[in-house]
Amino acid sequence: MSPKIPLLALVGPTAAGKSELALQLARELGTDIISVDSAQVYRGLDIGTAKASAAEQKLVKHHLIDLVNPDEDYSVADYQRDARRVIASLWRRRRLPFLVGGTGLYLRAVIAGYAFGEKGKDEALRARLEAEADDRGTEALHQRLGRLDPAAAAKIHPRDRRRIIRALEVYALEGSPISRQVEDTQKREPPYRLLLYGLTLPRPQLYRAIEERTERMLAEGFIEEVRGLLEQGYRRSSPGLQILGYRQLAAFIAGEMGREEAVTEIKTQTRRLAKRQLTWFRRERNIIWLDRTAGPEGIVKKIGDTAKEIFG
């Protein structure tokens, strides 16, 4: 069996300052950044996802951003496949793979080697299930899932249409419940040698950073970015326009919300997102937490020195 590939990861809540530190750290280590962000995979969603600027991308190459259009689906399984490919490619060139972001499920899919099904997706089947949900209600599909895969149904909210449909799709295509993927994952050895850091801030400072970043995004043209996507013909129901911030501003542009109401909603929901991210990452057993108030130089040195010592 070949030795496991080493993997460095820096995660944490939104607005904690991961991107700034990651740029410095990637340059220190002579490597690239692999994005772990479910919003940055969409082309054209730049300002509202805090995507690296063109200048920053010239300094350090960023992988797994701008992969699909706003009206296209991109699953966790898609991310796992693409991340594995990039990780292997970087290591073949003796560059330390470096994951950076805040999407916990994406991180887990990579570091735990989630066992996804082999059949992918079936758009026609999804369309039929969507139509059935429109006709009979999402709860009816959840009841069916409860009969086919009780373990999955117990973990999925009865109105979480997307996850219910995916679970039913997996059962139809694979002939086995989606919950079995979890069981198979638990039997697997972790695929990488992981060094995992979590970046955080005291809650008042984190919330202030969220407020300030939201205002900065608006000043940089966030509303105009959303308006441009709508003018290109993307629907508000498109996956990319369902993302936090884009959803609220699309409602404002449509006249369904006032500007102040939309901005307040963005800030509130972003604070809630940060809390969920912290809860998720705190479940990672081997995570090393770093307080962002310690200053970037010390954090970069600590992570860089440890990575060099462990991985060579």
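The figures here come from the full heavy-atom set of this structure, side chains too, leaving out hydrogens, waters and symmetry mates.
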Trainee: Taking all non-hydrogen atoms of both residues into account, name the closest pair between Gly146 and Ala153 and its distance.
Mentor: CA-CB, 3.6 Å
Trainee: I'd like to know if the side chain of Gln40 reaches the main chain of Ile65, judged simply by a donor and an acceptor atom lying under 3.5 Å from each other, with no hydrogens or angles considered.
Mentor: no
Trainee: Taking the side chain from Gln242 and the backbone from Arg236, do they hold a donor-acceptor pair closer than 3.5 Å?
Mentor: yes
Trainee: Run the salt bridge (charged side-chain N to carboxylate O under 4.0 Å, His left out) test against Lys61 and tell me which residues pass, sequence neighbours left out.
Mentor: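 Partners of Lys61 by the salt bridge (charged side-chain N to carboxylate O under 4.0 Å, His left out) criterion come out as none, since no residue qualifies.
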Trainee: Quick one: pull up OG in Ser53 and CD in Gln57 and give me the separation to the nearest 0.5 Å.
Mentor: 7.0 Å
Trainee: Under the 3.5 angstrom rule, does the side chain of Arg159 hit a backbone N or O of Glu139 as a donor-acceptor pair?
Mentor: no
Trainee: Less than 4.0 angstrom from a charged side-chain N to a carboxylate O is my criterion; do Asp32 and Arg95 meet it?
Mentor: yes
Trainee: Who are the salt bridge (charged side-chain N to carboxylate O under 4.0 Å, His left out) partners of Glu130, not counting sequence neighbours?
Mentor: Arg161
Trainee: Closest approach of Met257 and Gln248, non-hydrogen atoms and distance?
Mentor: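 Residues Met257 and Gln248, closest heavy atoms: SD-O, 4.0 Å.
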Trainee: Verify the cluster assignment for Ile5 and Phe311: are they in a single hydrophobic cluster under the rule of side-chain heavy atoms below 4.5 Å apart?
Mentor: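 No, it is not one cluster - the side chains of Ile5 and Phe311 are not joined through contacts under 4.5 Å.
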Trainee: Of the non-hydrogen atoms in Val110 and Pro191, which two are nearest, and what is the gap between them?
Mentor: O-CG, 3.4 Å
Trainee: Count I, L, V, M, F, W, Y as connected when their side-chain heavy atoms are under 4.5 Å apart, and connections chain through other members. Are Leu196 and Leu8 then in the same cluster?
Mentor: no
Trainee: Name all residues meeting the ring-ring contact (aromatic ring centres under 6.0 Å, His included) criterion together with Tyr246; count only those two or more places apart in sequence or in a different chain, and write none if there are none.
Mentor: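 Only Phe222 meet the ring-ring contact (aromatic ring centres under 6.0 Å, His included) criterion with Tyr246.
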Trainee: Are any of the side-chain nitrogens in Arg271 or Glu211 under 4.0 Å away from the carboxylate oxygens of its partner?
Mentor: yes
Trainee: For Arg162, does the CZ atom have more than 12 heavy-atom neighbours from other residues, nucleotides or ligands under 6.0 Å away?
Mentor: no
Trainee: I need the Ile253 CD1 to Leu229 CG distance, nearest 0.5 Å.
Mentor: 9.0 Å
Trainee: Minimum heavy-atom separation for Gln277 and Gly102, please, with both atom names.
Mentor: NE2-O, 3.0 Å
Trainee: To the nearest 0.5 Å, how far apart are CE in Met217 and CD1 in Ile223?
Mentor: 13.0 Å
Trainee: Just so I know, are the side chains of Ile299 and Tyr197 near enough to count as touching, which here means a heavy-atom distance under 4.5 Å?
Mentor: no
Trainee: With distance as the sole test, does Thr103 use its side chain to make a donor-acceptor pair with the main-chain N or O of Ser38 at under 3.5 Å?
Mentor: yes
Trainee: Evaluate whether atom CD of Glu309 has more than 12 neighbouring non-hydrogen atoms of other residues, nucleotides or ligands under 6.0 angstrom away.
Mentor: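 12 or below, so no.
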Trainee: Are the side chain of Asp78 and the backbone N or O of Ser75 linked by a donor-acceptor pair below 3.5 Å?
Mentor: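 Judged by distance alone, yes, a pair lies under 3.5 Å.
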Trainee: For the atom pair CD (Gln143) and CD1 (Ile164), what is the distance rounded to the nearest 0.5 Å?
Mentor: 10.0 Å
Trainee: Atom CG of Leu168 and atom CZ of Arg126: how far apart are they, to the nearest 0.5 Å?
Mentor: 11.5 Å
Trainee: On a heavy-atom basis, which atom in Ala22 and which in Leu10 lie closest, and how many Å separate them?
Mentor: N-CD2, 4.4 Å
Trainee: What residue pairs, at least two apart or across chains, pass salt bridge (charged side-chain N to carboxylate O under 4.0 Å, His left out) with a residue in residues 237-255?
Mentor: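 As it turns out, there is no salt bridge (charged side-chain N to carboxylate O under 4.0 Å, His left out) pair with a partner in residues 237-255 once direct neighbours are skipped.
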Trainee: Side chains of Asp37 and Val41: closer than 4.5 Å at any heavy-atom pair?
Mentor: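 Sidechains of Val41 and Asp37: no contact.
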Trainee: Classify the angle between the aromatic ring planes of Tyr74 and Tyr79 as parallel (below 30°), tilted (30 to 60°) or perpendicular (above 60°).
Mentor: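 Judged by the thresholds at 30° and 60°, the geometry between Tyr74 and Tyr79 is perpendicular.
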Trainee: Scan residues 14-26 for pairs that pass side-chain hydrogen bond (donor to acceptor under 3.5 Å, both in side chains), counting only residues two or more places apart or in two chains.
Mentor: Thr14-Arg213, Glu20-Arg292
Trainee: Would you say Asn286 has more than 12 foreign heavy atoms packed within less than 6.0 Å of its CG?
Mentor: no
Trainee: State, yes or no, whether a side-chain contact exists between Val300 and Leu21 at a heavy-atom distance under 4.5 Å.
Mentor: yes
Trainee: Compare all side-chain heavy atoms of Ile310 with those of Thr306 and state whether any distance is below 4.5 angstrom.
Mentor: yes
Trainee: Hydrophobic clusters here meaning ILVMFWY residues chained together by side-chain heavy-atom distances under 4.5 Å, can you tell me if Leu64 and Tyr42 are in one?
Mentor: yes
Trainee: Can you measure from CG (Leu241) to CG (Asp71) and round to the nearest 0.5 angstrom?
Mentor: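 The distance works out to 9.0 Å.
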Trainee: Has the side chain of Ser238 got a donor or acceptor atom that lies under 3.5 Å from a matching backbone atom of Arg235?
Mentor: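 Indeed, once roles are kept as given, a pair shorter than 3.5 Å links the two residues.
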Trainee: Do Tyr192 and Lys4 come close enough that some side-chain heavy atom pair is under 4.5 Å?
Mentor: no
Trainee: Mind running side chain to side chain contact (heavy atoms under 4.5 Å, CB included) on Val86 and Asp82 for me, showing each step along the way?
Mentor: CA-CA 6 Å; Val86 174; Asp82 292 340; 5.6 Å; no
Trainee: Which other residues belong to the hydrophobic cluster containing Leu244, where Ile, Leu, Val, Met, Phe, Trp and Tyr are joined when side-chain heavy atoms lie under 4.5 Å apart, directly or via other members?
Mentor: Leu273
Trainee: Which is it for Leu107 and Leu99 under the side chain to side chain contact (heavy atoms under 4.5 Å, CB included) test, yes or no, and what are the steps along the way?
Mentor: CA-CA 8 Å; Leu107 177 76; Leu99 297 174; 4.1 Å; yes
Trainee: Ignoring hydrogens and geometry, is there a side-chain-to-backbone donor-acceptor pair from Ser89 to Arg85 under 3.5 Å?
Mentor: no
Trainee: Would you sort out whether Leu7 and Arg193 count as a side chain to side chain contact (heavy atoms under 4.5 Å, CB included), showing the intermediate values?
Mentor: CA-CA 6 Å; Leu7 184 63; Arg193 284 195 295 144; over 6 Å; no
Trainee: Are Ile287 and Phe98 grouped together when hydrophobic residues (ILVMFWY) are joined by side-chain heavy atoms under 4.5 angstrom apart?
Mentor: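 Ile287 and Phe98: separate clusters.
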Trainee: Answer yes if Val36 and Trp289 sit in the same cluster of Ile, Leu, Val, Met, Phe, Trp and Tyr residues linked by side chain heavy atoms under 4.5 Å apart, and no otherwise.
Mentor: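 Same cluster: Val36 reaches Trp289 through Ile, Leu, Val, Met, Phe, Trp or Tyr contacts under 4.5 Å.
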Trainee: Quick one: which of Val60, Asp66, Leu59 gives a side chain to side chain contact (heavy atoms under 4.5 Å, CB included) with His62?
Mentor: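 The passing option is Val60.
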Trainee: Tell me, do Thr293 and Pro202 make a side-chain contact under 4.5 Å, heavy atoms counted?
Mentor: yes
Trainee: So which atom in Leu199 and which in Ala16 form the shortest heavy-atom distance, rounded to 0.1 Å?
Mentor: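 That closest heavy-atom pairing would be CD2-O, 3.7 Å.
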Trainee: Check whether Trp91 forms a cation-pi arrangement with Arg93 (NZ or CZ under 6.0 Å from the six-membered ring centre, at most 45° off the ring normal).
Mentor: no
Trainee: Please walk me through it: do Glu169 and Arg166 pass salt bridge (Lys or Arg N to Asp or Glu O under 4.0 Å)?
Mentor: CA-CA 5 Å; Glu169 179 187 34; Arg166 177 56 185 160; 2.7 Å; yes
Trainee: Please check if any side-chain donor atom of Gln269 sits under 3.5 Å from a side-chain acceptor atom of Glu265, or the reverse.
Mentor: yes
Trainee: The test is salt bridge (Lys or Arg N to Asp or Glu O under 4.0 Å); show your working for Asp305 and Lys308 and say whether it passes.
Mentor: CA-CA 5 Å; Asp305 289 351; Lys308 291 172 184 175; 5.1 Å; no
Trainee: List the steps, then state whether salt bridge (Lys or Arg N to Asp or Glu O under 4.0 Å) holds for Lys51 with Glu56.
Mentor: CA-CA 10 Å; Lys51 195 176 293 176; Glu56 289 168 335; over 6 Å; no
Trainee: Would a 4.5 Å heavy-atom cut-off, applied to side chains only, mark Leu90 and Ile34 as touching?
Mentor: yes
Trainee: Determine whether Arg136 and Arg144 make a side-chain contact, defined as any pair of heavy atoms from C-beta on separated by less than 4.5 Å.
Mentor: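 Side-chain contact under 4.5 Å: yes.
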